[in-house]
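Side chains are part of it too, since the values below use all heavy atoms of this structure and drop only hydrogens, waters and symmetry mates. Start at 1 and go down the list; that is how both ligands and their atoms are numbered.
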Amino acid sequence: MVNPNFAKMQANYLFSTVRQKTNEYVAAHPEAKILRLGIGDVTRPLVPEVIKAMHAAVYEMGDIATFKGYGEDFGYRFLREAIVANDYAPLGVTLTVDEVFVNDGAKSDTGNIGELFDVSCVVAVCDPVYPVYVDSNAIAGRAGEPTGDTWSRLVYMPCVAENGFVPELPKEHVDLIYLCYPNNPTGAHATYDQLRMWVDYALKTGAVILYDAAYSSFIGEGLPRSIYEIEGAKGCAIEFKSYSKTAGFTGVRCGYTVIPAELKRDGQSLNAMWKRRQNTKFNEASYISQRAAAAIYTPEGKRQTAEVTAYYKKNARIIREGLQSIGFEVYGGENAPYIWLRTPNGMKSWDFFDQLLDRAQVVGTPGSGFGPHGEGYFRLTSFGTLEMSTEALERIRKVF
Ligand code: PLP
């Protein structure tokens with residue numbers, strides 16, 4: 001017998017539908033020059049410091065004296081030490097390498113983390129939401145039954161312009177809370193006070209926060225870069241980080257998850273449980289990927305990756321300010337690579353997608369694909385090239 005939960009899930013993943021509709025349009029209009037600002041993949045190549053480290057790692061693998069087979073459990077020490085020293089110590093957050101788990105990107109762990117928790121746990125997600133949290137819980141049988149575009153056992157926390165895209169505390173009891181800041185898809189970021197409210201709530205109720213910080217490199221001054229900057233968070237939160245958007249690793253694959261030693265539920269250490277789980281099911285990111293990731297933390301690596309982030313942030317500013325000047329209501333794009341706009345005249349998200357594709361040959365992502373409260377919104381990404389971003393804006397200006 002197969003897992004019956006798959007049959008309950010929507011046949012099409014949001015981005016497959018975007019891809020399919022775009023391909024259909026291209027087939028019908030082969031001359032069209034499409035600008036793809038829909039799927040959140042990056043366009044800048046790997047920086048020289050990373051390439052240098054990868055080359056060196058490849059040569060090590062080809063020499064009997066330095067060849068590496070299976071990696072060290074939970075990631076090479078050189079990388080975990082670099083993470084602790086560079087991503088956390090400067091924030092005043094003290095971690096040990098034992099609390100850091102290197103992985104092959106944040107998608108795997110945000111999708112798999114549910115294995116630590118009982119199927120009866122009540123899960124709260126933001127609405128709109130990065131689909132992985134919802135679908136992975138649906139597969140696990142924790143989401144209940146599909147009811148239109150929501151699930152019966154999930155608690156949806158609306159994130160709309162009126163609450164600054166940071167949800168209010170749930171009225172009912174929840175066990176697991178997925179938060180993602182800087183947010184995909186809304187481009188919003190949470191303040192210290194907002195995160196403190198969530199940490200205090202989780203500490204009081206015993207809930208666990210699953211905090212996805214995949215876009216943390218986009219955060220500007222004066223805002224929290226890690227949930228562990230909030231007092232008490234080590235007792236209630238797991239944090240996911242990724243090099244995909246920090247350093248263009250979407251094709252390299254490397255990221256990490258932090259599970260503090262003091263995080264316990266039902267008398268059990270979640271850190272120890274995850275170690276057990278990883279030992280059973282994961283054989284580490286490749287040595288070459290981990291060497292590549294460690295290169296980001298050298299002075300030159302930091303400078304070069306910061307330049308790439310600045311490039312995308314410039315695109316975001318061009319798109320955001322350009323749309324504002326045309327009269328669009330625009331959010332995000334300041335501490336995040338995503339621009340979240342309200343569709344004109346209350347147009348449905350997918351109708352706006354069709355219009356934008358048809359009239360401007362620009363591809364974005366319909367907000368409703370991320371959840372019911374995304375209806376009437378639309379996501380554009382700043383991960384294209386500068387030329388694409390500028391041209392997309394010019395085309396939108398002409399059409400609207
Ligand atoms: N988390 C969020 C919020 C994302 O948007 C993405 C990718 O788009 C990921 C995680 C996955 O990133 P990775 O490439 O590290 O698997």
Side-chain angles (χ1 to χ4, degrees), residues 13-16 18-19 36-44 46 50 75 79 83 87 100-114 125-137 157 159 165-167 176-190 209-219 225-227 237-258 282 284-286 289-290 292-293 296 305 308-309 312 316 332-333 335-340 364-365 367 369-371 374 379-384:
Y13 189 58
L14 168 65
F15 295 110
S16 330
V18 167
R19 205 174 296 124
R36 292 170 201 268
L37 300 180
I39 293 165
D41 202 354
V42 295
T43 50
R44 304 312 291 162
L46 298 174
V50 166
L79 179 55
I83 290 167
D87 285 349
V100 178
F101 297 83
V102 175
N103 58 28
D104 58 358
K107 192 182 217 172
S108 317
D109 281 6
T110 50
N112 290 327
I113 199 73
V125 292
C126 291
D127 173 16
V129 65
Y130 174 56
V132 170
Y133 318 144
V134 171
D135 289 358
S136 58
N137 278 291
M157 306 183 292
C159 293
F165 304 99
V166 177
L176 299 174
I177 301 157
Y178 287 85
L179 294 179
C180 170
Y181 289 103
N183 189 261
N184 176 14
T186 66
H189 192 44
I209 297 173
L210 303 168
Y211 191 72
D212 187 344
Y215 297 97
S216 60
S217 56
F218 286 82
I219 300 170
R225 289 170 175 268
S226 161
I227 194 154
I238 293 175
E239 181 161 281
F240 306 92
K241 294 266 187 110
S242 169
Y243 297 111
S244 283
K245 313 298 158 79
T246 312
F249 273 40
T250 51
V252 175
R253 309 308 304 151
C254 199
Y256 64 89
T257 297
V258 175
F282 188 57
E284 310 310 317
S286 76
S289 299
Q290 294 192 53
I296 298 165
T305 49
V308 174
T309 305
Y312 292 133
N335 297 291
Y338 295 117
I339 292 100
W340 189 243
T365 313
F370 297 100
R379 193 191 79 174
L380 291 172
T381 147
S382 67
F383 284 130

(message) Centre-to-centre under 6.0 Å for Phe282 and Phe101, is that the case here?
(response) no
(message) For Phe383, give me all partners under ring-ring contact (aromatic ring centres under 6.0 Å, His included), at least two apart in sequence or on another chain.
(response) Phe218, Tyr312
(request) Return the set of residues passing side-chain hydrogen bond (donor to acceptor under 3.5 Å, both in side chains) with Asn183 (not counting sequence neighbours), or none when no residue passes. (result) Thr186
(request) Using side-chain hydrogen bond (donor to acceptor under 3.5 Å, both in side chains) as the criterion, list what pairs up with Asp212, not counting sequence neighbours. (result) Tyr133
(request) Could you check whether the rings of Tyr243 and Tyr256 sit parallel, tilted or perpendicular, using 30° and 60° as the cut-offs? (result) tilted
(request) Write down, by chain and number, every protein residue that brings a non-hydrogen atom to less than 4.0 Å from an atom of ligand 1. (result) Gly105, Ala106, Lys107, Tyr130, Tyr133, Cys180, Asn184, Asp212, Ala214, Tyr215, Ser242, Ser244, Lys245, Arg253
(request) Locate the shortest heavy-atom distance separating Ala285 from Arg253; write the atom from each residue and the value. (result) CB-O, 4.2 Å
